A.B. asks: 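Here it is: the structure, laid out below.
Since we're looking at a predicted model, the values are computed, not measured. Just the heavy atoms: all of them, side chains too, but no hydrogens, waters or symmetry mates, feed the values below. The chains referred to below are lettered A, B, ... by the order of the sequence lines, with proteins before strands, and numbering in each begins at 1.
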Amino acid sequence: MAEYNHKAIEPKWQKRWEEESVFVAPDKPKAGKKKYVLDMFPYPSGAGLHVGHPEGYTATDIYSRYLRMNGHEVLHPMGWDAFGLPAENYAIKSGVHPKESTEQNIKTFTRQIKSLGFSYDWSREVNTSSPGYYRWTQWLFLQLYHAGLAYKKEAPVNWCPDCQTVLANEQVIDGKCERCGHKVIQKNLEQWFFRITGSDPKGKHGSYPERLLSNLETLDWPDPIKHMQANWIGRSEGAELEFEIKGSSSKIKVFTTRPDTLFGATYMVLAPEHALIRELKGQIENWDEVQQYVKAASSKSQLERTDLAKEKTGVELKGVRAVNPGNNEEIPVWIADYVLSSYGTGAIMAVPGHDERDFEFAKKFKLPVMQVVDSGEDLPSISSGKVVNSGKFDGQDSEEAKWKITDAVKGRRTIQYKLRDWLISRQRYWGAPIPIIYCETCGEQPVKEEDLPVTLPDDVDFLPKGESPLSRSKSFHNVKCPNCESPARRESDTMDTFVDSSWYFLRYTDPKNQEEFADKKKIKAWMPVDTYVGGAEHAVMHLLYSRFITMALHDLGHLGFPEPFLKLRNQGLILGPDGQKMSKSRGNVINPDEVIENFGADCMRMYEMFMGPLEDAKPWDTNGIVGVARFLERAWNVHAFVDTEYLNQEQELIVGRELARTVKKAEDDIQSFNFNTAVSAFMIFINAVYKVERISTHHWETFLKALNPFAPHITNELWEMLGHKEVIEKEKWPEVDVLLLAQDEVMYAVQVNGKLRGNAMVSTSASEGDVTKKALALANVAKHVEGREIAKAVFVKGKLINFVVK
RNA sequence: GCCGGCGUGGUGAAAUUGGCAGACACGCUAGGUUUAGGACCUAGUGCCGCAAGGCAUAGAGGUUCGAGUCCUCUCGCCGGCACCA
């Protein structure tokens, strides 16, 4: 018999699957039999495939193959999240056009992914940087635009004055430009946003934050991910209260989650950006000082403002006094950058007796501190503070007092979210152009749908020169107004790549459609995604944005479901052999090509599954993979033991039983995504076969079918060696012989006072009395029970008996 | 700081969810076999002890007939958020 040679076997079967279109998904799956199993599509980076990628891909591949063997029709596609900053940076450095480098990278990724034998339907491949795809990303923008869910406003960007360019947050290191080291400043630009904090434009379904939060309950997602999304949305209930300003008609509106502490409010704080400051100019006695503070705060980057947060700063608005609506007391008004303009109303009532930050501020500026009694909380211990009661609301619990006080001062119950609108403008070249035209006479005009796509021009230089690269392409930039035909200019910003990836799962259902983003019937046939697998690093952004886009398309009548991903599972990081994150600079990167070259795709797949639980971070062990390699070698050599008959019945029973257990375990583990223990079950089976050195053809076939989703190449080859002409993928998942799983005898653990003293083998149907008798007959048990009184016995059927003695 | 998660042999990890801790692998030890190639086979391998036995799931308490699993506190590591009123 030939030796196991993965290099000869693997390409052979990969070619066969492709030629016979074994994994092509139909457009019309049988009713109730569809499964959409999706991987997070990769960014095709220049570094090539990382060993981390195949981990999730193998998991979904095993699952997809298992589902197909159980009569499901499976949509299992792959594609490329191909726009993005690295390709553009590479172009700046090397002069290679992003289109070229991206194409090259996709080629490499395709080769590497195909070499692992995954059962993707390659006929549905998508690429977000192709005009055929981003045309529909632009279409999506227009839908949101027309529905009022896309709008423009001024927002700060990180700006490097030296490079004359906008920087992404990850390009800012310690407040400095990663390229030139120059200090990064904040600069305001007009930018596009998606209104994720808004509501269904048709008014039927309510607010997005609310739904994004409450729908989480309906999803089969890991709890930590749901938690992170909930925190990100950051819902809090509270009240909006108004404070009058002495000598002015203006009022200060504040949001508070603790209206019950109103009587403890001893001063107010406005964010430095608050509009009231300008309004009250005439009243403010120290205007110069105030102006200076406002200016200083605005030039600080967000990073600085939070970094330098250790010491609180602020300035009092001298001459401005607010009136506490609870007790009509006059209190001072301050400005300070620890109050954010982006949250709540941009102003707070400060209650230093109940809030640590306010307390810190009050301490520094020697402001009075008061606590409200009966607030039902552990109060921070303060030395100089006074205690005040909450007037007529004294004695009520704080939840009740909250709303009574709110009503008494004519406040309004309200809900605030931390979630902010999604900034989608990027001052970059390598992304989908935003389909908007600015006309001098008609103003802002959306590109007409029939004029899409707005194609990315090729003749652009990427060197940073102070404006978006696209604005320097005259052919792109100068256009006619779609409305009045007079000279106009195109929007030169491109979209955040998260927009590209927030709808790609829809495109897979109909990737070549030129009339629509996807055919309604095809979407209905396949969506929503049944199982989605990817890294936990996308816990918030990608998953939240995809949910929002799906929800918005649903509200606008394009989709029949509000949630895109029913079940989500995360894969953990694969670390270097040193237990550190893999990186070039550490020199601990494992190259998948080399692993496949040395051990083969089947071995790589199985080892990645065997390493440990899918969601855990696990170090790559260069020696550990040898165990799986040996297993495959041994499985290969079992072929020599195959015979139609066993030598005796005992042999047949041993192998049959072990096989039934293995298939059952593999099935359970695939369904629950515990792939590591499924691999060990296969190993146990092969070890058992080596003990008897014989297996029937039928049993061997059953085993090969169960192993196929994990190691598709070797199982096909061994299957063919048994004389089969068709690929093994055409087979059904083997049924487990339940009778073989049934045992006629069980082993009971016998404990005395909770300590194991022996084991008793009894028949499965034995009663408690039978077990007791047999257990007490054990010498070691008798020894520990002798001369003492058995107070009671705890009997767990089929497991154990525990004698409690005095 | 806040919110989550995790902590089991020399190593990666199992443990039917409160019921015999350490399955399956790596490594190591011994023997066999082959000796050219990350080789193969058999046996052993948590710690202490000659043994009987005792001790062991980060540490300390608790609940329970029984705890890796539940509760409380402490320590350590990882992830997310970061002045969110």
A.B. asks: Under 4.0 Å between a side-chain nitrogen and a carboxylate oxygen: does that hold for A/Asp220 and A/Lys226?
C.D. replies: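 Salt bridge flag = no for A/Lys226 with A/Asp220.
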A.B. asks: Any donor and acceptor pair, going by atom type alone, linking the side chain of A/Asn324 with main-chain N or O of A/Leu262 inside 3.5 Å?
C.D. replies: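 Answer holds: yes.
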A.B. asks: Can you tell whether the side chains of A/Glu360 and A/Lys363 come within less than 4.0 Å, N to carboxylate O?
C.D. replies: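 No.
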A.B. asks: Closer than 3.5 angstrom, by distance alone: can the side chain of A/Asp337 be matched with the main-chain N or O of A/Gly314 as a donor-acceptor pair?
C.D. replies: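 A pair under 3.5 Å: no.
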A.B. asks: For atom C1', what is the distance between B/A60 and B/G49, given to the nearest Å?
C.D. replies: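 Between the two C1' atoms, the distance is 28 Å.
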A.B. asks: So do the side chains of A/Asp770 and A/Ser767 get within less than 4.5 Å of each other, counting heavy atoms only?
C.D. replies: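 The answer is yes, as the side chains (C-beta and beyond) meet within the 4.5 Å cut-off.
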A.B. asks: Starting at CG of A/Leu756 and ending at C1' of B/G54, how long is that distance when rounded to a whole Å?
C.D. replies: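 Rounding to the nearest Å, CG of A/Leu756 and C1' of B/G54 are 14 Å apart.
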A.B. asks: Evaluate the side-chain contact (heavy atoms from CB on, under 4.5 Å) criterion for residues A/Leu778 and A/Asn780: first the C-alpha distance (whole Å), next the side-chain angles of each, then the deciding distance (0.1 Å), finally the verdict.
C.D. replies: CA-CA 6 Å; A/Leu778 295 168; A/Asn780 198 35; 5.6 Å; no
A.B. asks: Mind listing the closest non-hydrogen atom pair of A/Ala239 and A/Pro259 along with its distance?
C.D. replies: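 Heavy atoms only, the tightest pair is CB-CG, 4.0 Å.
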A.B. asks: Check nucleotides 45-53 of chain B for protein N or O atoms closer than 3.5 Å to its own N or O atoms and list the pairs.
C.D. replies:
| residue | atom | partner | partner atom | Å |
| --- | --- | --- | --- | --- |
| B/G53 | OP1 | A/Asn780 | OD1 | 3.4 |

A.B. asks: Send over the distance from A/Lys799 NZ to B/G66 C1', rounded to a whole Å.
C.D. replies: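 Rounded to whole Å, this separation is 13 Å.
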A.B. asks: Does A/Gly798 offer a backbone N or O that forms a donor-acceptor pair with the side chain of A/Tyr748 under 3.5 Å?
C.D. replies: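 Yes: the side chain of A/Tyr748 pairs with the backbone of A/Gly798.
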A.B. asks: Which part of the nucleic acid, if any, lies within contact of A/Ser236, taking any heavy atom under 4.0 Å across all strands shown: a base, the sugar-phosphate backbone alone, or nothing?
C.D. replies: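 Sugar-phosphate contact only.
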A.B. asks: Taking the same atom, C1', in B/C28 and in B/G18, what whole-Å distance lies between them?
C.D. replies: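 It comes out at 35 Å once rounded to the nearest Å.
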A.B. asks: Treating a pair as Watson-Crick (purine N1 to pyrimidine N3 plus N6-O4 or O6-N4) or G-U wobble (N1-O2 and O6-N3) with both distances under 3.5 Å, list the stems of 3 or more consecutive pairs that involve RNA chain B.
C.D. replies: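 As far as RNA chain B goes, consecutive pairing (with distances under 3.5 Å) yields the stems B:1-7 with B:75-81, B:10-12 with B:24-26, B:27-32 with B:40-45, B:46-48 with B:53-55, B:58-62 with B:70-74.
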A.B. asks: How close or far is atom C1' of B/C6 from atom CG of A/Asp223, stated in whole angstroms?
C.D. replies: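 Roughly 15 Å, once rounded to whole Å.
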A.B. asks: Roughly how far, to the nearest 0.5 Å, is the CZ atom of A/Phe361 from the OH atom of A/Tyr267?
C.D. replies: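 The CZ atom of A/Phe361 is 5.5 Å from OH of A/Tyr267, to the nearest 0.5 Å.
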A.B. asks: Say you pick atom C1' in B/U69 and the same atom in B/G31; how far apart are they, in whole Å?
C.D. replies: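 One C1' to the other, the span is 41 Å.
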A.B. asks: Does B/A14 have its OP1 or OP2 closer than 4.0 Å to a side-chain nitrogen or oxygen of A/Asn676?
C.D. replies: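 So the side-chain polar atoms of A/Asn676 do come within 4.0 Å of the phosphate oxygens OP1 or OP2 of B/A14, strictly under.
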A.B. asks: Please list all pairs passing the side-chain hydrogen bond (donor to acceptor under 3.5 Å, both in side chains) test where one or both residues lie in residues 607-624 of chain A, with sequence neighbours left out.
C.D. replies: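 Every pair satisfying side-chain hydrogen bond (donor to acceptor under 3.5 Å, both in side chains) with a residue in residues 607-624 of chain A: A/Glu55-A/Lys618.
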A.B. asks: Would you classify A/Val804 as touching base, sugar-phosphate or nothing, given that sugar-phosphate means primed atoms plus P, OP1 and OP2, and contacts are heavy atoms under 4.0 Å?
C.D. replies: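 If one applies the 4.0 Å heavy-atom cut-off, A/Val804 turns out to touch the sugar-phosphate alone, with no base involved.
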A.B. asks: What N/O pairs connect the protein and nucleotides 75-77 of chain B at under 3.5 Å? Give each pair on its own line.
C.D. replies:
none

A.B. asks: Please measure how far the C1' atom in B/G4 lies from the corresponding atom in B/A13, and state the result in whole Å.
C.D. replies: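 One C1' to the other, the span is 24 Å.
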A.B. asks: Over all strands shown, is A/Gln751 touching base, sugar-phosphate only, or nothing at heavy-atom distances under 4.0 angstrom?
C.D. replies: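 Base, at least one base heavy atom under 4.0 Å.
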A.B. asks: Can you find an N or O donor on one side and an acceptor on the other, under 3.5 Å apart, linking the side chain of A/Lys418 with the base of B/C81?
C.D. replies: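 Counting by modelled atom types and ignoring angles, no donor-acceptor contact under 3.5 Å is found here.
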A.B. asks: Would you call A/Tyr338 and A/Val269 a side-chain contact if the rule is heavy atoms closer than 4.5 Å?
C.D. replies: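 A/Tyr338 reaches A/Val269 side chain to side chain.
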A.B. asks: Is any NZ, NE, NH1 or NH2 atom of the basic residue among A/Glu768 and A/Lys797 found under 4.0 Å from an Asp or Glu carboxylate oxygen of the other?
C.D. replies: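 Salt bridge flag = no for A/Lys797 with A/Glu768.
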A.B. asks: Mind listing the N/O atom pairs, protein and nucleotides 30-37 of chain B, below 3.5 Å?
C.D. replies:
none

A.B. asks: Tell me whether the centres of the aromatic rings in A/Phe682 and A/Phe610 are closer together than 6.0 Å.
C.D. replies: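 No, ring centres 6.0 Å or more apart.
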A.B. asks: Tell me whether A/Trp636 contacts the main-chain N or O of A/Ala2 through its side chain, where contact means a donor paired with an acceptor under 3.5 Å.
C.D. replies: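 Indeed, once roles are kept as given, a pair shorter than 3.5 Å links the two residues.
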A.B. asks: Take atom CZ of A/Arg420 and atom C1' of B/A82, then tell me their distance rounded to the nearest Å.
C.D. replies: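 Going from A/Arg420 (CZ) to B/A82 (C1'), I get 11 Å.
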A.B. asks: Is B/U17 in the syn or the anti form, by the rule that syn lies within 90° of 0?
C.D. replies: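 Judged by the O4'-C1' to base torsion, B/U17 sits in syn, the angle falling within 90° of 0.
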A.B. asks: Quick check for you: to the nearest 0.5 Å, what is the distance between A/Met606 atom CE and A/Thr58 atom OG1?
C.D. replies: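 That separation rounds to 10.5 Å.
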A.B. asks: 5'-most contact on RNA chain B: A/Met747 or A/Pro224, nearest heavy atom basis?
C.D. replies: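 Counting from the 5' end, the first nearest nucleotide belongs to A/Pro224.
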A.B. asks: In whole Å, what separates the P atom of B/G1 from that of B/G9?
C.D. replies: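 The answer is 28 Å between these two P atoms.
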A.B. asks: What N/O pairs connect the protein and nucleotides 24-27 of chain B at under 3.5 Å? Give each pair on its own line.
C.D. replies:
| residue | atom | partner | partner atom | Å |
| --- | --- | --- | --- | --- |
| B/A25 | OP1 | A/Asn687 | ND2 | 2.5 |
| B/C26 | OP1 | A/Arg630 | NH1 | 2.4 |

A.B. asks: Would you measure the distance from the C1' atom in B/C73 across to the matching atom in B/C50 and give it in whole Å?
C.D. replies: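 Those two atoms are separated by 43 Å.
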A.B. asks: If you find the nucleotide of RNA chain B closest to A/Met228 and the one closest to A/Asp358, which residue's nucleotide is nearer the 5' end?
C.D. replies: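 Between the two, 5'-proximity favours A/Met228.
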A.B. asks: Give the rounded distance in Å between these two atoms: CZ of A/Phe361 and C1' of B/A85.
C.D. replies: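 Taking CZ of A/Phe361 and C1' of B/A85, I get 14 Å after rounding.
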A.B. asks: Whole-Å distance between B/C78 P and A/Ile574 CD1?
C.D. replies: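 It works out to 20 Å between those atoms.
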A.B. asks: Looking only at the side chain of A/Thr677 (C-beta and beyond, no hydrogens), which of the listed nucleotides B/A85, B/G38, B/A15 gets closest?
C.D. replies: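 For A/Thr677, the side-chain atoms sit closest to B/A15.
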A.B. asks: Need the glycosidic conformation of B/G12: syn if within 90° of 0, anti if not. Which one?
C.D. replies: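 You should classify B/G12 as anti.
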A.B. asks: Which part of the nucleic acid, if any, lies within contact of A/Asn231, taking any heavy atom under 4.0 Å across all strands shown: a base, the sugar-phosphate backbone alone, or nothing?
C.D. replies: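 Sugar-phosphate only.
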A.B. asks: Over how many whole Å does the gap from A/Leu543 atom CG to B/G80 atom C1' extend?
C.D. replies: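 Atom CG in A/Leu543 sits about 14 Å away from atom C1' in B/G80.
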A.B. asks: Classify the ring geometry between A/Trp422 and A/Tyr545 as parallel (under 30°), tilted (30 to 60°) or perpendicular (over 60°).
C.D. replies: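 Ring orientation, 0 to 90° scale: parallel.
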A.B. asks: Quote, to the nearest angstrom, the C1' distance that separates B/C20 from B/G68.
C.D. replies: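 About 14 Å, rounded to a whole number of Å.
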A.B. asks: Hey, could you give me the CZ/CG distance between A/Arg605 and A/Leu632, rounded to the nearest 0.5 Å?
C.D. replies: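 Answer for the CZ-CG pair, A/Arg605 versus A/Leu632, is 11.0 Å.
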A.B. asks: Please measure how far the C1' atom in B/U72 lies from the corresponding atom in B/C65, and state the result in whole Å.
C.D. replies: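 Result for the C1' pair: 23 Å, nearest Å.
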A.B. asks: Please give, in whole Å, the distance from B/G4 P to A/Ile225 CD1?
C.D. replies: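 One finds 15 Å between P of B/G4 and CD1 of A/Ile225, rounded.
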A.B. asks: Could you check whether the rings of A/Phe255 and A/Tyr343 sit parallel, tilted or perpendicular, using 30° and 60° as the cut-offs?
C.D. replies: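 A/Phe255 vs A/Tyr343 ring planes: perpendicular.
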A.B. asks: Would you confirm whether A/Arg235, through its side chain, and A/Ile415, through its main-chain N or O, come within 3.5 Å as a donor-acceptor pair?
C.D. replies: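 No, the answer is negative, given that no donor and acceptor are paired below the 3.5 Å cut-off.
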A.B. asks: Give a yes/no on whether any side-chain N or O of A/Lys755 is located under 4.0 angstrom from OP1 or OP2 of B/C55.
C.D. replies: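 For B/C55, OP1/OP2 do have a side-chain N/O of A/Lys755 under 4.0 Å.
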